[in-house]
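Let me begin by presenting the structure, written as structure tokens, before commenting on it.
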Amino acid sequence: MAKIQTPQPVRGTQDMFGETEERFAHVVSTFERVRRLYGFKGLQLPVIEPTAVFARSLGEATDVVSKEMYSFEDRGGDSITLRPEFTAGIARAYLTNGWQQHAPMKVTAHGPLFRYERPQKGRYRQFHQIDAEIIGAAEPAADVELLVMADQLLYELGIKEGVTLELNTLGDAESRDAWRAALVVYFTDHRDVLSEDSLARLEKNPLRILDSKDPDDRGVAHAAPKIDEFLSGEAQDFFGAVTAGLDAAGVAWTRNAKLVRGLDYYRHTAFEFTTDRLGAQGTVLGGGRYDGLIENLGGPATPAVGWAAGIERLAMLVDNWFPVRTEVAVVAEHSEREVEAVSLTTMYRRAGFQAEQFITGSPRKRYDRAKKIEPAILISLDLRDGVRSHSLNLLDQGYERVGDVTSAFDSFYIG
RNA sequence: GCGACCGUAGCUCAGUUGGUUAGAGCGCUGGUUUGUGGUACCAGAGGUCGGGGGUUCGAGACCCCUCGGUCGCCCCA
């Protein structure tokens with residue numbers, strides 16, 4: 001039989017194992033724990049949605065929709081898309097399930113997302129996010145609650161060091177439109193000094209020029225009109241309430257007047273938790289208020305706010321995760337003790353101990369193999385010169401459950 | 001879509017200005033040693049040097065193409 005060439009994985013996908021997987025799982029379980037503390041309900045949503053869900057809500061002209069979506073026709077001829085973000089799918093579910101009855105609705109989700117992009121550090125074609133939203137709440141208190149939860153999550157993950165919360169407001173629709181118009185005028189006047197990329201942004205997404213990485217753009221961007229000059233009274237009050245709430249909760253933040261969102265539906269609060277520890281991918285968690293999105297999907301005007309964070313990026317920063325450690329290792333140092341080792345190991349597992357058995361390979365090398373995985377307790381079953389022996393060794397002096405392991409061991413052999 | 005760098009055993013890498021049968025460490029398998037002991041030694045398995053073409057008496061080393069990886073730009077978490 002001819003050997004075929006083993007198929008390669010799809011570009012930008014990852015197979016997680018060992019430490020990578022442990023870190024990932026730690027982020028998710030911490031998130032699940034923290035979101036419950038804040039009374040957020042979990043959500044399990046489809047990975048595939050009708051293409052219109054994203055095309056309509058994100059805007060046809062955005063990069064995500066125009067060139068980054070994994071879209072295909074199913075057998076019935078419908079255009080299906082692998083979700084590139086959570087928010088649009090959540091908004092769709094909110095409308096099609098009649099969840100207005102639950103408003104204001106505090107929900108979270110996590111899972112894989114797909115974007116056809118060039119992979120680089122902390123960025124993949126199949127990537128994973130945790131996501132939190134409050135739908136149907138117009139009050140700044142919702143923004144604050146979400147931000148405080150994000151802050152606590154980062155704290156519990158042990159990565160608050162070196163991560164800062166950057167905060168901005170985009171104002172309400174009128175403020176934002178006026179600001180945008182002023183920016184277009186300003187940048188058009190200075191188009192001779194703008195980078196090539198920013199000239200393209202001027203057409204598509206002028207706000208983005210503000211956070212351009214190009215040094216040529218920095219100077220002009222710095223002197224550009226500020227959103228503060230265009231904020232309505234209500235918008236100012238809203239932002240003031242958000243910052244006051246954060247201060248009351250003791251959450252540190254810094255104003256970044258150049259912080260914007262790529263998508264058009266964002267209003268008012270925009271925020272990012274950023275770090276310099278991830279190369280070019282500085283944003284660890286980002287989000288904002290999107291009062292226009294649900295309307296874009298054909299629903300009633302519904303205020304909402306939310307954030308998302310890349311699990312891979314968080315996992316790279318985390319250092320307080322703990323590997324699954326073996327509590328009890330059972331070694332059969334002689335072939336005649338193997339069956340007994342199985343029953344002893346099973347006894348420990350059923351009693352809730354993380355136990356491992358060493359009953360294969362060279363009997364002489366099993367003890368060393370067992371010791372290498374650094375179990376808290378190592379049990380050896382041997383048969384030498386016709387004499388059966390069994391011993392229990394405590395390798396980790398700090399292990400808390402010694403007593404339970406030992407008494408189970410004694411009752412196994414004494415009865 | 002664009003740019004830079006990189007592809008040699010399962011893993012981490014050596015491999016001299018191109019020169020004979022391509023190496024090491026770790027891991028794996030077996031053996032000896034040790035016998036409350038993560039020791040030491042021996043042996044074995046495992047490589048079309050990413051793939052294709054070219055230059056050359058001779059290419060893992062040089063050139064071209066291609067595929068893959070990494071990082072960056074765009075955009076974004």
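So you know, we letter chains A, B, ... as the sequences are listed, proteins then strands, and number each from 1. Both backbone and side-chain heavy atoms feed into the values below; hydrogens, waters and symmetry mates do not.
Taking the P atoms as reference points, U12(B) lies 14 Å from G50(B), given to the whole Å. Spacing between A14(B) and A22(B) at atom C1', rounded to whole Å, works out to 11 Å. C6(B) and C13(B) have their P atoms separated by 14 Å, with the value rounded to a whole Å. Spacing between G23(B) and U29(B) at atom P, rounded to whole Å, works out to 25 Å. Only the C1' atoms considered, G47(B) is 11 Å distant from G60(B), to the nearest whole Å. With both ends at atom P, the span from C49(B) to G53(B) equals 12 Å, rounded to whole Å. For the P atoms, the distance from U17(B) to C62(B) is 11 Å, rounded to whole Å. Between the C1' atoms of U34(B) and U39(B), the separation comes to 7 Å (whole Å).
Applying the ring-ring contact (aromatic ring centres under 6.0 Å, His included) test to pairs two or more places apart or on separate chains, those with a residue in residues 122-164 of chain A are F24(A)-H128(A). Listed by first then second residue, pairs satisfying ring-ring contact (aromatic ring centres under 6.0 Å, His included) with a partner in residues 35-60 of chain A number zero, not counting sequence neighbours. Sorted pairs that involve residues 305-316 of chain A and meet salt bridge (Lys or Arg N to Asp or Glu O under 4.0 Å), not counting sequence neighbours, are lacking altogether. Residue pairs meeting the salt bridge (Lys or Arg N to Asp or Glu O under 4.0 Å) criterion with at least one member in residues 177-201 of chain A, sequence neighbours excluded, do not occur. Listed by first and then second residue, the salt bridge (Lys or Arg N to Asp or Glu O under 4.0 Å) pairs that reach into residues 24-36 of chain A are E32(A)-R35(A), E32(A)-R36(A), R33(A)-E156(A), sequence neighbours excluded.
Rounded to whole Å, the distance from CH2 on W307(A) to C1' on A77(B) is 11 Å. L383(A) places its CG atom 15 Å from the C1' atom of G35(B), with the value rounded to the nearest Å. Atom CZ in F271(A) sits roughly 11 Å away from atom P in A77(B) (whole-Å rounding). The distance from atom CD of Q14(A) to atom C1' of G69(B) is 14 Å, rounded to the nearest whole Å. Per the geometry, CD belonging to Q129(A) stands 5 Å off C1' belonging to A77(B), to the nearest Å. Rounded to a whole Å, the CD1 atom of I130(A) is 10 Å from the C1' atom of A77(B). In this structure, the CG atom of D368(A) is 7 Å from the P atom of G38(B), given to the nearest Å. Straight-line distance from the CZ atom of R125(A) to the C1' atom of A77(B): 17 Å, rounded to whole Å.
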Find every protein N or O atom lying less than 3.5 Å from an N or O atom of nucleotides 71-75 of chain B, and list the pairs.
unit_1 : atom_1 : unit_2  : atom_2 : d
C71(B) : OP2    : K121(A) : N      : 3.1
G72(B) : OP1    : A280(A) : N      : 2.8
G72(B) : OP2    : K121(A) : N      : 3.3
G72(B) : N7     : Q120(A) : OE1    : 3.4
C73(B) : OP1    : K213(A) : NZ     : 2.9
C74(B) : OP1    : R201(A) : NH2    : 3.3
C74(B) : N4     : R123(A) : NH1    : 2.3
C75(B) : OP1    : R201(A) : NE     : 2.6
C75(B) : OP2    : R201(A) : NE     : 3.1
C75(B) : OP2    : R201(A) : NH2    : 2.4
C75(B) : O2     : E117(A) : OE2    : 3.0
C75(B) : O2     : R123(A) : NH2    : 2.3
C75(B) : N3     : R123(A) : NH1    : 3.3
C75(B) : N3     : R123(A) : NH2    : 2.8

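No contact: E196(A) has no heavy atom under 4.0 Å from any strand. Counting non-hydrogen atoms under 4.0 angstrom, E85(A) reaches nothing in the nucleic acid. Using a 4.0 Å heavy-atom criterion, one finds that Y124(A) contacts the bases of the nucleic acid, with or without backbone contacts as well.
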Taking only distance into account, with no hydrogens and no angle test, what donor-acceptor pairs under 3.5 Å do side-chain atoms of residues 291-299 of chain A form with protein atoms, sequence neighbours excluded?
unit_1  : atom_1 : unit_2  : atom_2 : d
D291(A) : OD1    : R289(A) : NH1    : 3.2
D291(A) : OD1    : A304(A) : N      : 3.4

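Side chains of E340(A) and Y413(A): a donor on one and an acceptor on the other come within 3.5 Å.
Here R325(A) pairs with D396(A) under the salt bridge (charged side-chain N to carboxylate O under 4.0 Å, His left out) rule; sequence neighbours left out.
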Let's test your reading of the pairing rules: Watson-Crick or G-U wobble, both distances under 3.5 Å, then write RNA chain B as a dot-bracket string with ( ), [ ], | and dots.
(((((((..((((.....[...)))).(((((.......))))).....(((((..]....))))))))))))....
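Closest approach to the S391(A) side chain among U36(B), C76(B), G35(B) is made by U36(B) (side chain taken as heavy atoms from C-beta onward).
The side-chain contact (heavy atoms from CB on, under 4.5 Å) with D131(A) is formed by just one residue from the set T108(A), L43(A), I90(A); it is I90(A). Checking R267(A), R261(A), E133(A) one by one against Y290(A), the side-chain hydrogen bond (donor to acceptor under 3.5 Å, both in side chains) holds for a single residue, E133(A).
Both E374(A) and R115(A) lie close to RNA chain B; mapped to their nearest nucleotides by heavy-atom distance, the more 5′-ward contact belongs to E374(A). Annotation: of the two residues near RNA chain B, F127(A) and Y116(A), the 5′-most nearest-nucleotide partner is Y116(A).
With F230(A) as the aromatic partner, R176(A) does not meet the cation-pi criteria of under 6.0 angstrom to the ring centre and within 45 degrees of the ring axis.
Considering only side-chain N and O atoms, R11(A) lies under 4.0 angstrom from the phosphate OP1 or OP2 of G69(B).
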